[in-house]
There are 2 protein chains.
Amino acid sequence: MTQGLTLEDQIVVAIRRIIRAIDVHSKQLVEQVGLTGPQLMTLKVAAELGTASVGALAKAVHLSGPTLTGILDRLVRRGLINRVTATRDRRSVVITVTEKGYETLASAPSLLQERFRQKLEGLAEWERTMLLAAIQRMAAMMEAGEMEDVPVLDGEMLIDASVPGETPRIAPFIEGESISGGHDDVNERNYG
Amino acid sequence: MTQGLTLEDQIVVAIRRIIRAIDVHSKQLVEQVGLTGPQLMTLKVAAELGTASVGALAKAVHLSGPTLTGILDRLVRRGLINRVTATRDRRSVVITVTEKGYETLASAPSLLQERFRQKLEGLAEWERTMLLAAIQRMAAMMEAGEMEDVPVLDGEMLIDASVPGETPRIAPFIEGESISGGHDDVNERNYG
DNA sequence: GCCAATTGGTTCGCGCACGAACCAGTAAGG
DNA sequence: CCTTACTGGTTCGTGCGCGAACCAATTGGC
């Protein structure tokens, strides 16, 4: 097994397996709830935030604006979210989850992340720590392509990335902006 | 500063960082040689194989047929490879690298994989082994979603590197028009 | 008040990635 | 032979994913 493969090759192959696993899971989701991974993820985060601008949402799910716009288009088309312009700052677009959106969420299977998390919980503490250290180191080595060399990290300097779990918690960072509070001064937006 | 992030979250974030690093590298490649990661990888593997059918090539780079077809379209358009039908079995399409393709390869920077490899070499043996074990385990955990089949990677050369997109900006897609090369067991194929 | 920056989102163009459907061709059976 | 099955590639449709360009508001200067 894998005799011709160098150790380095095997690592790269493993990364590919991970990427592919994410993709496979996304396709399974489509069959089960008609939503892709990114869509479900976005819906979930939107539900946690309750009310959020597109920008804040993009940050929370770690996607670029244009990408999120496309995903939101699909979610709107399925009637899972509302997309409304704020009256306060009319550039801002506020996202909320519809009734149907919450229903969908209730019956939706877990994200790959969550399943993965469960598996992680089956491991010993030291194993998890080791996995984390290893993959972070890997990430650092790959990022070091152009910029300075591998930062010395022990697993502390991390990005914010509140990639949502299921723990109902409000994103702490939301780009301090007026959107957050529950101010409902929004109007329907008539997208064609 | 590691605020509310659980260990599991951090792992997921690290995976994102890796995927993103691959993407970033692909974009750098576009600026340097006008080829994306997948394109360069495909060209490289094609050069190593010398002569290969689309199917064999797809297997070697771990991409689906349709995906590879698109990449080959772009490589043909740039005159880096030839695409001809075999006379023996006229269903089969044989891929070869053109002179220009070899020149491009000669001046091309390394794949992410190779830079990554150099960094790996800077590590101690036990560290590399640990990294491999960790990421393989991670991959296995993620794959274990639905089907329980063991990975099984066929023992060939499994080069690989990048994944998603960037933007080279060329003309819109056209049907590949084969650029002539020597005949062997193959004939020119006239698409369109 | 008015025009220049800035900010928030969307649109546009391109590439990757894949499954399903679709054509060849080729091989198998009669 | 002729029909059926299968195989190799491409085409089609969908969904990411992003940067650049683009509006539309808002803010900053003066």
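Every chain is numbered from 1, with letters handed out A, B, ... down the list of sequences.
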Nucleotide N/O to protein N/O under 3.5 Å, stretch nucleotides 25-27 of chain D:
| from | atom 1 | to | atom 2 | distance (Å) |
| --- | --- | --- | --- | --- |
| dT26(D) | OP1 | R88(A) | O | 3.3 |
| dT26(D) | OP1 | R90(A) | N | 3.2 |

Proximity to the side chain of T36(B) - top-ranked nucleotide from dG15(D), dG15(C), dT10(C): dG15(C)
R128(B) and E121(B): CA distance, side-chain angles, deciding distance, side-chain contact (heavy atoms from CB on, under 4.5 Å) verdict: CA-CA 8 Å; R128(B) 275 175 295 200; E121(B) 283 169 4; 4.3 Å; yes
Check: T129(B) side chain, E125(B) main-chain N or O, donor-acceptor pair, under 3.5 Å: yes
Side chain proximity check, R83(B) to D73(B), heavy atoms < 4.5 angstrom: yes
Over all atoms of both residues, closest heavy-atom pair of V94(B) and A86(B): CG2-CB, 4.0 Å
Side-chain N,O (R20(A)) to OP1/OP2 (dA17(C)) below 4.0 Å: no
D73(A) CG to dG15(D) P, straight-line distance once rounded to whole Å: 11 Å
SB check K27(B) D23(B) (cutoff 4.0 Å): yes
Donor-acceptor contact present, side-chain S92(B) to main-chain D89(B), <3.5 Å: no
Heavy-atom check, side chain of T96(B) versus side chain of T51(B), under 4.5 Å: yes
Steps toward side-chain contact (heavy atoms from CB on, under 4.5 Å) verdict (L40(B), T36(B)): CA-CA 6 Å; L40(B) 180 54; T36(B) 66; over 6 Å; no
Sugar-phosphate only, base, or nothing, as touched by S26(A) at under 4.0 Å among non-hydrogen atoms: nothing
Within residues 63-71 of chain A: residues closer than 4.0 Å to DNA chain D (heavy atoms): L63(A), S64(A), P66(A), T67(A), I71(A)
